[in-house]
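Worksheet for the structure shown next.
Just follow the structure's listing: the first ligand is 1, and inside any ligand the first atom is 1. Bear in mind that the values here come from a model prediction, so they are computed numbers and not experimental data. Worth knowing before you read on, the calculation uses all heavy atoms, side chains too, and leaves out hydrogens, waters and symmetry mates.
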Amino acid sequence: MKNDDNPSPTQSKMGIGGLIRKLLPFVLPYRWLLIITLTLTFVGSLMAQVNAIVLDRTVDKINELLHIEGGFSWATAARVLLIVSVILLGKELLSALITFGQRLFGEKIRINVSRDLSLKVVDRILSFRMAFFSADGNETGKLQSKIDRGTMSLSNTVKNFFIDIIPLFTSAILALCLMFAANVYVGLVALCIVPLYFVITAWQARKLKGWRHKVFGTHQALNNGIMNIIESIAVIKSFNREELEAQRQADLQMQSTEQQMETRKTSFLFEGGKTFVEQIGTVLIIILTAYLVLTDYPGMTIGKIMYHVLLFSNVSAPIRQLHRIYDDLNDALIYAESFFGILDADNEVEQSGQHCPDKVEGLFELKNVEFTYGNGTHAIRDMSMTIHPNQTTALVGLSGAGKSTVVNLLDKFYTPDSGTITLDGVPLQQWDTQVLRDNIGLVLQKNHIFSGTIEENIRYGKPQASFEEVVHAAQQAYIYDQIMELPDKFQSNALQLSGGQQQRIAIARMFLKNPPIIFLDEPTASLDAIATEQIKASIDAIKKNRTVIVISHNIGQIIDSDYLYVLQTGHVEQSGIPDDVYRSGGLYKEILDASARSMNADKIAHTMEN
Ligand code: ADP
């Protein structure tokens, strides 16, 4: 399966420096948290070396006791052990507190940064023009996946940085310094092992990168597959294709099993290799220190064997994590690019003019308008039309003729390539976008009911409206009686209403908003005849004294209009008063006759007469 929304690792052009630069403005507001976290980290790293130092001294002390002439006293031995125990336990307690604080603050930074990233992206998205959402790669699913993965991997990077990378590497560097301070040769051995680790890790990361993306792709395909099965269950059953679907899932599962096993195998092999290299380092350090002790090298006591081995494990521990950190960082680089692409898309922000009159008449004039969508569809060609106030204008035409595009242009969702569109004589670009849209009401075919109560959905038209106003709007839209029959009345879930009821909720919202201009884009498509008739009553009520544009395939709504424009492939083919246009023949007559035939109008009339 193709995974368009899964950016491949080769797509990343952003380097680590670029990533840090981009993230910095989000982290800086928490600089005090950052300073506390880093201080705790540093103290924690110092504490991590205490075990090695204490064990070094303990072994030497016990060795000393063993070699006291005439034997050692148990009281002295007990005192040594008591001091060691107190130091080790005390250190552990302090370490636990420091780690707790460091993780808590690190996590607080991560959560805050993640929240700020999400808020920022939502802010940006709300400010973008519509063209952004129909651009390639910005479809709902892909955009959501870009944002989800971007926020997650970026906040993970922040967490990795403060909770994993910095503490681990501070501890490693401190341990290495202590090794050098104890003995240069021992320090050099430890230092030589480190690059070997890096080489193996880089090799491992390279090997696993391809597999990780394959595993991810198959996982998504499996999820999508299950979703498709659930969504299309009726079709699958009616065609008896259960076996075929089961086989498809089985193939994907087999593929997933193989890929997961292959990834695990590679991981285990490399982990084994790394442990072996670490062990080689430990062995070399034991041999070297033992040799130095045996040859009476100044300052080398038997305790140093333990000391060096423990310090070396502090050096190698973080490097063992390198692979995971490398993977996370790689992901962050990939996802950061598309995420910051959204934040930085300044050219996508909607432009607004200044014009905000006290009263809007509602006279639209289009002159020689041309418009092409981002994907190259030339949707409007040399279009000129006038939409008069206090009239209902119907846009008629076959699917794809450009009717909805005209509405999109009038609502300033898109800007024409050339030509002019004016409202009350002022070009749309000069209108304050918010004022313009405050004066326009839009009823679409569907997708306009939010999850929430009926009251909330109607109130969306005017958030400060009183409950009485909401009720009045519901009455005007002829939906009040039906709402009152529901168990929870206005508090019922709006998404559970039927299509026709939802449509009238949208119309009630329009009554509440009370705009002078109304666009109805196929408001009764996909509704049954009874619902359509009920909605017709609400639409007739809302039409009064407004500029109304109605797009509909419903003959009743078209012939009720005062004026109509017949569109074909993006330009005006015919226009005029419905009856006149019909009489002049052409496309409108064809459409109307075909509609009447498809409805079997003659037979209906005959049935009704009898
Ligand atoms: P109608 O409303 O008459 O059915 P539309 O205005 O929806 O027609 O579409 C006109 C043309 O523009 C069609 O070819 C359609 O495929 C295309 N189109 C519509 N919306 C978009 C969009 N968001 N992005 C790209 N092309 C679009």
Requested in this report: Sort and list the pairs that fulfil ring pair (Phe, Tyr, Trp, His ring centres under 6.0 Å) and have at least one residue in residues 564-583, not counting sequence neighbours.
Outcome: Tyr563-Tyr565
**Report entry** Residues that Val426 engages under side chain to side chain contact (heavy atoms under 4.5 Å, CB included), provided they are two or more places apart
**Finding:** His355, Gln430, Trp431
Report task. List the steps, then state whether salt bridge (charged side-chain N to carboxylate O under 4.0 Å, His left out) holds for Glu245 with Arg248. Result -> CA-CA 5 Å; Glu245 291 299 329; Arg248 264 194 208 153; 3.3 Å; yes
Query - Basic-acidic side-chain contact under 4.0 Å: Asp580, Arg583 - result: yes
Requested in this report: In plain terms, say whether Glu348 and Arg129 are close enough for a salt bridge, that is, a side-chain N and a carboxylate O under 4.0 Å apart.
Outcome: yes
Review item, side-chain donor-acceptor pairs of residues 390-398, under 3.5 Å, at least two apart:
none

**Report entry** Residue shell around ligand 1, heavy atom under 4.0 angstrom
**Finding:** Ser134, Tyr373, Asn375, Thr377, Ala379, Leu398, Ser399, Gly400, Ala401, Gly402, Lys403, Ser404, Thr405, Tyr414
